[in-house]
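Starting from 1, each residue takes its place in the sequence as its number.
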Amino acid sequence: MDAFSLFADAPAKRARVVVTAVTLLLTTGVSPLAAQRGVPRTSVPSPDAEVYLVPLTLRGDTVRAGVPANLTRRAGYDNQPMFSRDNRAIFYTSNRGDGQSDIYRLDLSSGLSLPVQRTTPESEYSAAPILGDTGAVAVIRVEADSTQRLWRLPLGGGAPSVLLPDLKPVGYFAQPDDSTWVTFVLGSPATLQLARTSRSGTAAPAMTLAREIGRSLHRIPGTRLVSFVQKGAQPWRVMQLDVSTGRIEALVALPEGTEDVAWVDSTTLLTGSNTKLLQWSRGSGEARTAWREVGDFGFAHLTRISRLSVSANRQWLAMVAEATPRSAAAASTSAAARFVDRIDTARVRRGIGILAADSMEGRLTGSPGMERAAKWLEQQYREVGLVPAGDSGSYRQHIPLRQAQAMPGGRGGTAPVESWAAWNALPVEQRLLTQNIAGMIRGSDPTLRDEVVLVTAHYDHIGIGRAVDGDSINNGADDDASGNIALLEIARALRNGPRPKRTILFMSITGEERGGIGTRWYLQHPLLPLERTVVDLNIEMIAHPDSLAGGFGRAWLTGYERSTLGDLLADNGIPLMPDPRPGQSFFTRSDNAAFARIGIPAHSLSSFNTVTPYHHPKDEPATVDVAHMAQVISATTKAVRLLADGDKPTWHPGGKPEARAAGR
């Protein structure tokens with residue numbers, strides 16, 4: 001086909017293509033149509049490369065990156081991530097050891113990773129959403145006879161169909177509009193070819209626009225432009241193609257050894273160089289020196305960053321990297337670490353049956369049922385032998401409240417009051433009280449005893465609501481009576497074993513379900529110095545096993561990758577893994593988040609599986625897996641011992657969350 005026939009609607013367009021090609025040759029030394037020697041120098045990915053998820057924050061033209069979380073964590077080929085158009089999932093290519101490569105969809109909220117289709121004997125690669133088609137993804141399909149073509153793969157089942165029948169072998173592609181495809185066609189050299197499809201599904205012959213190109217093809221967000229990498233002469237360059245005119249222009253030289261890029265928006269480009277994530281912005285120049293560092297992820301035990309994808313909402317980066325071996329911390333050999341804690345399952349069952357009983361009326365903050373729960377917890381703290389850490393030598397840290405509009409579907413509403421003076425100024429009938437319950441074990445080490453390990457769980461729930469099968473009480477057995485029973489059992493075990501070196505403050509927190517009332521008050525009126533608090537381990541919903549965490553007796557840690565805490569515990573045999581559902585943002589959804597925002601390494605330990613009842617009358621004591629819960633409590637007791645006697649957790653670069661703006 002004539003090289004200009006796709007742009008034949010105007011002679012001027014033909015002229016622009018010729019001028020562009022000449023300009024490109026003069027300015028870069030690379031001719032897009034000149035035959036180059038050799039084959040594409042596309043690096044072969046490690047079979048053990050992993051897919052990582054990185055939070056992104058944009059401030060003007062500056063990109064800030066959070067801490068990478070490993071999403072795949074398994075031996076085998078996992079590669080080529082691409083976000084779904086709704087930002088809720090990642091499509092990626094996976095080979096599970098049987099020689100078959102399929103497209104998997106990882107749901108970021110549920111944590112489930114399932115094949116879109118199993119298509120034996122064909123294999124699929126490089127999935128991407130199709131513009132104007134929500135029911136399928138485009139893929140490169142290796143057919144039974146080894147032909148590689150661009151196919152449509154339905155998401156809900158149904159037969160795949162070829163999109164460009166005559167174009168082969170296709171390796172990669174980008175789609176600038178709903179009828180145009182820009183493709184990487186394998187060969188010596190690899191070529192950039194443009195093809196169009198009609199509404200009837202027929203495809204016009206493809207046109208070659210450049211040779212010796214790289215695999216990284218991307219639609220530039222919000223435009224009909226496509227970027228590609230021009231290889232051949234050094235340095236390799238990111239180029240821009242206008243599919244409306246055929247105009248090609250150079251944007252920036254790539255750092256040596258890199259070839260994969262991704263656009264954050266129409267002006268900002270990311271690439272990876274070994275352990276570093278780099279950013280380039282339009283207007284900052286075309287030289288290699290125009291790239292600036294966003295972050296160095298060497299601390300996350302990864303290298304050779306490649307295959308980048310940015311979500312459409314610009315909140316996430318998916319990337320491929322090779323996991324590097326991590327030197328495990330030396331396991332503690334102290335007497336405390338060797339101590340075996342035996343958790344009484346009968347006592348666990350009895351305790352959760354009391355705290356989540358109907359008589360507690362769902363423990364709504366400020367309610368009579370909540371007051372009954374507070375009195376019972378006080379009694380338990382006393383029986384365990386904790387030193388009172390609340391106001392005036394008591395276990396209570398009193399917090400002022402006022403009456404407010406009732407919760408939807410429930411009864412009784414409360415709101416925080418900023419000070420006791422403001423509370424005293426309220427009409428008497430509007431004054432309410434709530435309280436944190438706090439007790440401690442004083443540290444034994446002369447050097448460490450003034451440092452504080454905080455162990456927390458919220459004991460409020462959502463009260464009485466709409467009836468389900470005649471039951472209107474939201475008992476909150478899992479959420480979070482289970483966490484409070486854990487606090488009591490951990491405290492009892494520590495009291496019966498070797499005395500911890502650091503002081504441990506146990507606190508049952510009020511008002512988590514009402515926006516963090518108890519935590520906010522504590523941060524404004526700390527019972528022990530915040531500057532001496534080295535960690536907060538928050539226990540949230542451990543009443544049921546989670547298959548994604550490994551099932552019975554195992555748990556996960558929110559924000560595992562943000563600090564050294566997760567690896568510190570795992571290295572000492574705690575059966576703990578990273579939160580398998582990053583799309584749920586569990587790290588910011590419990591009391592730990594407020595402590596983290598002021599700089600204290602703070603995480604929630606949980607085994608919530610997103611399947612068992614949540615904020616529902618069926619979250620009752622009878623549903624609790626007591627044996628699982630006791631196993632998690634035993635492991636968490638060992639974790640608290642390690643935190644009390646061992647190294648202090650520290651934030652990884654980018655791991656500490658930003659403080660909230662005033663008034664939020």
- Task: Test Val640 against every option in Ile539, Ile490, Ile441 by the side-chain contact (heavy atoms from CB on, under 4.5 Å) rule and name the one that passes.
- Result: Ile490
- Begin with the C-alpha distance, continue with both residues' side-chain angles, and end with the deciding distance and a verdict on side-chain contact (heavy atoms from CB on, under 4.5 Å) for Leu433 and Ile399. CA-CA 6 Å; Leu433 289 172; Ile399 301 172; over 6 Å; no
- Message: Using the rule given for salt bridge (charged side-chain N to carboxylate O under 4.0 Å, His left out), can you reason through Arg73 versus Glu50, listing the C-alpha separation, both sets of side-chain angles and the distance that settles it, and then say yes or no?
- Response: CA-CA 7 Å; Arg73 287 184 175 272; Glu50 306 282 4; over 6 Å; no
- Residue from Arg532, Arg502, Lys501 passing side chain to side chain donor-acceptor pair (under 3.5 Å) with Glu451: Arg502
- Could you check Asp479, Asn436, Thr519 and say which one makes a side chain to side chain donor-acceptor pair (under 3.5 Å) with His458? Asp479
Do the side chains of [X] and [Y] get close enough for a salt bridge, i.e. N-O under 4.0 angstrom?
X      : Y      : answer
Arg347 : Glu489 : yes
Asp78  : Arg74  : yes
Arg597 : Glu658 : no
Arg589 : Glu512 : no

Please output the side-chain donor-acceptor pairs of residues 604-611 that fall under 3.5 Å, not counting sequence neighbours, one pair per line with the distance.
unit_1, atom_1, unit_2, atom_2, d
Ser604, OG, Asn538, ND2, 2.9
Ser604, OG, Asn592, OD1, 2.7
Ser606, OG, Glu540, O, 2.7
Ser606, OG, Met541, O, 3.0
Ser606, OG, Phe608, N, 3.0
Ser607, OG, His544, O, 2.7
Ser607, OG, His628, NE2, 3.0
Asn609, OD1, Val611, N, 2.9
Asn609, OD1, Thr612, N, 2.9
Asn609, OD1, Thr612, OG1, 3.0
Asn609, ND2, Pro545, O, 2.9

Is a side-chain donor-acceptor pair under 3.5 Å present for [Y] with [X]?
X      : Y      : answer
Tyr52  : Thr72  : no
Thr510 : Thr434 : yes
Thr303 : Asn274 : no
Tyr395 : Gln379 : no

Any side-chain heavy atom of [X] within less than 4.5 Å of one from [Y]?
X      : Y      : answer
Ser109 : Arg581 : no
Asp546 : Trp556 : yes
Ile542 : Ile485 : no
Leu71  : Pro582 : yes
Val417 : Leu426 : yes
Ile352 : Ser482 : yes
Leu528 : Met440 : yes
Leu278 : Pro255 : yes

- Query: Is it true that the NZ or CZ of Arg562 lies under 6.0 Å from the centre of Phe587's six-membered ring and within 45 degrees of the ring axis?
  - Reply: yes
- Task: Take Arg372 and Arg363, measure what side-chain contact (heavy atoms from CB on, under 4.5 Å) needs, and give me the verdict at the end.
- Result: CA-CA 8 Å; Arg372 285 191 285 274; Arg363 306 189 306 276; over 6 Å; no
- Candidate pair Asp478 and Tyr614, rule side chain to side chain donor-acceptor pair (under 3.5 Å), full reasoning: CA-CA 8 Å; Asp478 191 14; Tyr614 170 71; over 6 Å; no
Minimal non-hydrogen separation, [X] against [Y], with atom names:
X      : Y      : answer
Thr503 : Arg449 : OG1-O, 2.6 Å
Pro526 : Leu530 : CB-CG, 3.8 Å
Leu643 : Pro649 : CD2-CG, 3.9 Å

- Does the side-chain contact (heavy atoms from CB on, under 4.5 Å) test come out yes or no for Asn475 and Asp619, once each step is laid out? CA-CA 6 Å; Asn475 302 79; Asp619 181 10; 5.9 Å; no
- Query: Is there a side-chain contact (heavy atoms from CB on, under 4.5 Å) between Phe297 and Leu277 once you walk through the steps?
  - Reply: CA-CA 8 Å; Phe297 297 144; Leu277 183 67; 4.0 Å; yes
